[in-house]
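Before any comments, here is the structure.
For the numbers below, each heavy atom of this structure counts, side chains included, while hydrogens, waters and symmetry mates do not. In listed order, ligands and their atoms are each counted from 1. This chain uses plain numbering: 1 for the first residue, then up along the sequence.
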Amino acid sequence: MSIDGYLDRATGDRLLLSNEADLDRVDGVRAACDAIMVGARTVRQDNPRLLVRSPERREARVARGLHPSPVKVTVTAGARLDPCAHFFAAGDCAKLVYCASPALAGARERLGRVATVLDAGQPVDLRRVSEDLFARGVGRLMVEGGGTVHTQFLTNDLADELHLVVAPFFVGDSRASRFVGDGSFPWNPQRRATLAEVRQIGDVVLLRYALSDRFDG
Ligand SMILES: NC(=O)c1ccc[n+]([C@@H]2O[C@H](COP(=O)([O-])OP(=O)(O)OC[C@H]3O[C@@H](n4cnc5c(N)ncnc54)[C@H](OP(=O)(O)O)[C@@H]3O)[C@@H](O)[C@H]2O)c1
C-alpha cells in the first residue's frame, strides 16, 4: 500500500507500489503456498497472471511433487468475469471460482471450460470458502487482495499472518481502493497485533504481523 493506505490509484493504469526486490519476495511467498486468492474486481481491473515467476522456484515445486504454480482462487457475486482473463488463461494450474448461488448457472456457462465453478452459497462466507479450500488440500492460502477481500479475511479473524508493504509515496485520492474498508477488526487498542518482523527492502518496508497461533515465523 501507499503511505496513505491505498492499493491503487483511482483511475487509469494499475499503480506499481512494490519494487523489484519485493516482487521477488512475493514470488517466493507464492511458491510456498498451495493456493492464491484475489477478489473478482482485481481479476477484472489488474488482469493478474498469479503464477510463480522464478524458474528455480517452479522447478523446486515440481521436485516436491507439486504443480509449478499454486491453485488460483477467486470469489464473485455477479460472475462478470472474462474467460480470456490471465487468471484463467495463464498457466495450467487449477482455477477455482467461488460464486454466489444466484449467479451460479451463468458462471458455469461462461467459465465452466476454464475453471471449476463452485456454489459458495448466498451470501458468500469466506470462512466457509476457506474450509472448503482446506478440504481440497489447500493448507496455506495467500490472499493477495483487493481491499474487499482483505477486509473480510481480517474482520473474520481468518488470517494467520499479515504482510504489509509500504511504498514511499502517497496516492491522496479517496476514490482509490484502500488496503481495508470499514469493519470491526479483532486487533484494536485493547488487543494489539503482534509485530513479528520489520524488514527494509530497498525503498519499501515490510511489516509482518502474527495474527494467530498458527503463525509460522
Ligand atoms: N496493491 C496491491 O497489492 C493490490 C493487490 C490486489 C488488488 N489491488 C487493487 O485493489 C483494487 C480492487 O480491490 P477491491 O476491494 O475493489 O476489490 P477485490 O477485493 O479485488 O474484489 C471485490 C470483488 O470480489 C467479489 N467478492 C468479494 N467478497 C465477496 C463475497 N463475500 N461474496 C461474493 N463476492 C465477493 C465481488 O465480485 P463481483 O463484483 O464479481 O461480484 C467483489 O466486487 C484494484 O484497484 C486493484 O488494483 C491492489
Contacts under 3.5 angstrom, residues 75-90 side chains, donor-acceptor by atom type, not counting sequence neighbours:
unit_1, atom_1, unit_2, atom_2, d
T76, OG1, G78, N, 3.4
T76, OG1, A79, N, 2.7
D82, OD1, C84, N, 2.8

Note to self: I'd like the contact residues of ligand 1, where contact means a heavy atom below 4.0 Å.
What the structure shows: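 Its neighbours under 4.0 Å (heavy atoms only) are L7, D8, L17, G39, A40, R41, T42, R44, Q45, D46, V75, T76, A77, G78, V124, E144, G145, G146, G147, T148, V149, Q152, S177, given by chain and number.
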Please tabulate, for the side chains in residues 32-43, all donor-acceptor contacts under 3.5 angstrom to protein atoms that are two or more places apart in sequence or on a different chain.
unit_1, atom_1, unit_2, atom_2, d
D34, OD2, G139, N, 2.9
D34, OD2, R140, N, 2.9
T42, OG1, G146, N, 3.3

Next item on the list: Mind checking side chain to side chain donor-acceptor pair (under 3.5 Å) for D160 and listing every partner two or more places apart, or none if nothing turns up?
Entry: S212, R214
Check: Does the distance from a Lys or Arg side-chain N to an Asp or Glu carboxylate O, for R128 and D132, drop under 4.0 Å?
Finding: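 No, no charged N to carboxylate O under 4.0 Å.
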Check: Got a salt bridge between R57 and D24, using NZ or NE/NH1/NH2 to carboxylate O under 4.0 Å?
Finding: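 Counted as a salt bridge, because a side-chain N and a carboxylate O are separated by less than 4.0 Å.
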Check: When you look at D8 and S177, which way does the side chain to side chain donor-acceptor pair (under 3.5 Å) test go after all the steps?
Finding: CA-CA 6 Å; D8 198 3; S177 285; over 6 Å; no
